[in-house]
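Any value given below was found using the heavy atoms of this structure, including those in side chains, with hydrogens, waters and symmetry copies removed. In the text below, chain A, chain B and the rest are named by the order of the sequence lines, each starting its count at 1.
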Amino acid sequence: MKLKEWLKLALQEPLVHFLIAGSAIFILVSFQGPEIDPNSRKIDLGEAQIERLAANWQATWQRAPNQSEIDALIREYIKEEIYFREAMRLGLDKNDLVIRRRLRAKMEYLSTSSTESEIPSDAVLQNWLDSHRQKYAIGAKYNLQQIYLNSQTLAQANSKAASIFRALRNGGDWKNLGDEISLPEAMENAEIGEISRSFGQDFVRAIGQISQNQWTGPIESGFGYHIVRLVETSAGRLPALSEVRRDVESDWRAKTATEREQKAYQELLNAYTIRIEKPQ
Amino acid sequence: MFQLNDFAGNPITSAYAETRMRNEPIVEMSQIKGTSETHPELSPNDEFGNFEIYEILLGTTRRGKAEGSYVRQALQRGLQIEAQTGVNPYQFGFIGSSDTHNAGSPVEEEHYFGKTGIPDGLPSTRRAMVVAGEENLRGAMSTPFYKWSAAGLAGVWAERNDRADIFAAMRSRETFATSGPRIKVRLFAGYGYSANILSRANFAELAYGGGVPMGSELRVSGNSSPIFLAQAMKDANGAGLQRMQIIRGWAENGVTKEAIFDIACANGAPNPETHRCAPMRDTTDTRTCMVNKRSGAPEMKIAWRDPDYNPARHAFYYVRVLENPTCRWSTWEANREGASVRPGLPLTIQERAWSSPIWIKS
């Protein structure tokens with residue numbers, strides 16, 4: 001794939017949007033310049049800062065704030081800034097469990113996101129697909145036709161079925177045979193799950209055993225009995241990677257995030273010298 | 001919840017009613033913390049009204065008030081408020097849901113696993129059976145989890161299975177609630193339906209074309225009752241349907257009223273005097289809890305006219321369809337544990353579904 005095409009594709013990915021936004025925030029946070037001197041008691045609230053407050057507000061409420069809402073945002077900001085500076089002055093940020101955890105969480109986020117841009121190779125994804133066959137397998141599809149019998153017992157259904165088979169042999173139209181019910185007379189290219197949602201588990205279990213392309217029955221469902229004609233229109237199979245690449249990649253990402261965080265941590269850990277003295 | 005006055009104690013105004021309707025087009029009628037259709041104190045003549053009611057206020061041992069807490073009364077009050085203000089604040093459709101906190105939806109009685117995780121995640125903490133030392137439980141753990149229900153379900157009649165159509169259907173209240181089973185139910189009303197509409201292959205198309213679906217209003221036309229088309233399908237894996245009912249609610253001279261009609265029975269037809277199906281015995285085997293799949297009806301589909309119709313009456317009509325009795329989750333659980341169910345809990349329940357109402361207005 002050419003670089004240009006790759007970029008175009010990448011720019012459509014929500015994950016890429018997320019990463020770009022995340023990096024932007026990180027860069028903003030990292031390069032705001034020197035910290036405000038906590039000893040200063042002067043607060044400057046410029047146009048850019050107020051626009052940023054308004055934009056944050058809009059992101060939550062999906063509309064621009066009105067004048068009194070902006071004033072409230074400014075009051076809140078000033079209050080937060082004053083408390084922040086006074087807290088720093090008092091050294092309240094030192095040894096604070098919540099702040100430490102927050103900073104750790106930020107680092108963990110950075111550790112995983114630095115590898116988030118990693119594009120897994122085909123081999124990695126193919127391997128993932130092969131080891132999770134069940135999840136990605138495409139089920140067999142069937143055409144199903146059914147004639148409903150509202151009988152109470154199998155014996156009653158059998159005797160009704162006999163006359164229906166006779167009518168079918170004599171060229172009767174299957175659509176005019178049987179009893180009325182608001183179930184589909186026919187389903188086309190349906191997977192087992194779809195058939196089960198309409199006819200129930202017992203029915204699906206039973207039709208797994210029947211010969212194809214011939215009227216068979218009576219078969220019991222949650223609604224009564226049925227004479228059924230079933231044709232497999234496509235066999236179940238494991239899809240090629242290209243068909244399910246998106247799902248496989250997103251599953252791979254989600255499931256390996258922990259692993260990648262550990263890897264990133266290990267690299268940091270390697271740069272440290274650590275001495276541990278356990279109490280006796 | 002469904003008061004005649006607003007939060008400040010003033011009578012509900014049309015502005016309040018409009019806001020309420022804009023924000024609350026549907027109401028959750030059945031979930032794990034009980035079913036809120038109605039209460040025996042509010043509906044003393046509804047023999048099926050005492051269903052999975054949970055009256056204890058969360059986090060306390062106090063019993064809540066029936067008045068103002070149940071959906072049928074809210075619908076009745078909505079009509080009263082509308083008569084005064086011109087707007088009905090409680091004109092909602094119905095859904096059921098789980099209210100689960102553990103990312104799983106325990107809708108099946110046979111596989112109930114609680115809703116809050118640690119507090120009710122085990123048979124020993126749900127206490128469907130009496131547990132030794134339970135009188136010493138304090139705080140959240142002392143909640144009577146055994147009175148909670150397996151979850152309900154929200155049903156939606158949407159043209160396509162996509163977000164836009166599902167939301168549109170909820171906005172237009174074309175929804176239904178179930179107490180858990182995948183029963184399907186729908187209701188239409190109109191004046192010009194043909195006699196054979198029920199057996200027509202394009203039933204739904206004709207039903208929409210000649211009337212309104214549930215969740216809608218129908219204007220009074222002439223002096224005779226509109227035709228109500230009610231249809232219900234059983235859960236493909238559940239028990240058969242026992243009876244289908246129409247519930248009519250209205251208000252007269254400041255008094256809320258209701259009437260209940262059985263409109264279809266698993267066996268035979270409702271008695272035209274009492275509007276009830278013949279009594280049916282609960283034959284559930286509570287030791288095995290096996291469901292007799294062939295008892296009860298697979299489908300009920302009927303055209304019905306109100307035998308006591310009054311065109312001057314501003315009323316709502318909704319369908320309630322009841323399954324044959326099946327084991328409650330607590331019975332399944334006690335059987336698995338080889339113990340007996342806590343005294344006072346019903347061994348069986350009649351699962352059900354409710355269509356959203358249709359409001360008939362002049």
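By the neighbour-count criterion of 12 heavy atoms within 6.0 Å, atom CZ of B:Arg163 is sparsely surrounded, having that number or fewer from other residues, nucleotides or ligands. Other residues, nucleotides and ligands place more than 12 heavy atoms under 6.0 Å from the CZ atom of B:Arg336. The local environment of CD1 in B:Ile118 is sparse, with at most 12 non-hydrogen atoms from other residues, nucleotides or ligands closer than 6.0 Å. Residue A:Glu108 places its CD atom among more than 12 non-hydrogen atoms of other residues, nucleotides or ligands, all under 6.0 Å distant. In A:Arg245, the CZ atom is crowded: over 12 heavy atoms of neighbouring residues, nucleotides or ligands sit closer than 6.0 Å. Around atom CG of B:Asn267, no more than 12 heavy atoms belonging to other residues, nucleotides or ligands sit under 6.0 Å away. In this structure, B:Tyr208 places its OH atom where more than 12 heavy-atom neighbours from other residues, nucleotides or ligands lie under 6.0 Å away.
Using a 3.5 Å distance cut-off with no hydrogens or angles, the side chains of B:Gln231 and A:Ser182 do pair a donor with an acceptor.
Among the candidates A:Glu185, A:Arg197, A:Gln152, the residue making the largest number of heavy-atom pairs closer than 4.5 Å to chain B is A:Gln152. Chain B forms more heavy-atom pairs under 4.5 Å with one residue of A:Ser196, A:Ser151, A:Gly224 than with any other, namely A:Gly224. Most heavy-atom pairs under 4.5 Å with chain B: of the set A:Asp202, A:Ile181, A:Asn150, A:Leu183, this distinction falls to A:Ile181.
Neither the backbone nor the side chain of B:Leu241 comes within less than 4.5 Å of any heavy atom in chain A. For B:Lys184, no part sits under 4.5 Å from any heavy atom of chain A, backbone or side chain.
Contact check on B:Arg294 versus A:Glu220 returns a salt bridge, with a Lys/Arg side-chain nitrogen under 4.0 Å from an Asp/Glu carboxylate oxygen.
A donor-acceptor pair under 3.5 Å is absent between the side-chain atoms of B:Asn237 and the main chain of A:Gly200, judged by distance alone. No donor-acceptor pair under 3.5 Å is formed between the side chain of B:Lys234 and the backbone N or O of A:Phe223.
The minimum heavy-atom distance linking A:Ser198 with B:Ala236 is given by the pair O-CB, 3.9 Å.
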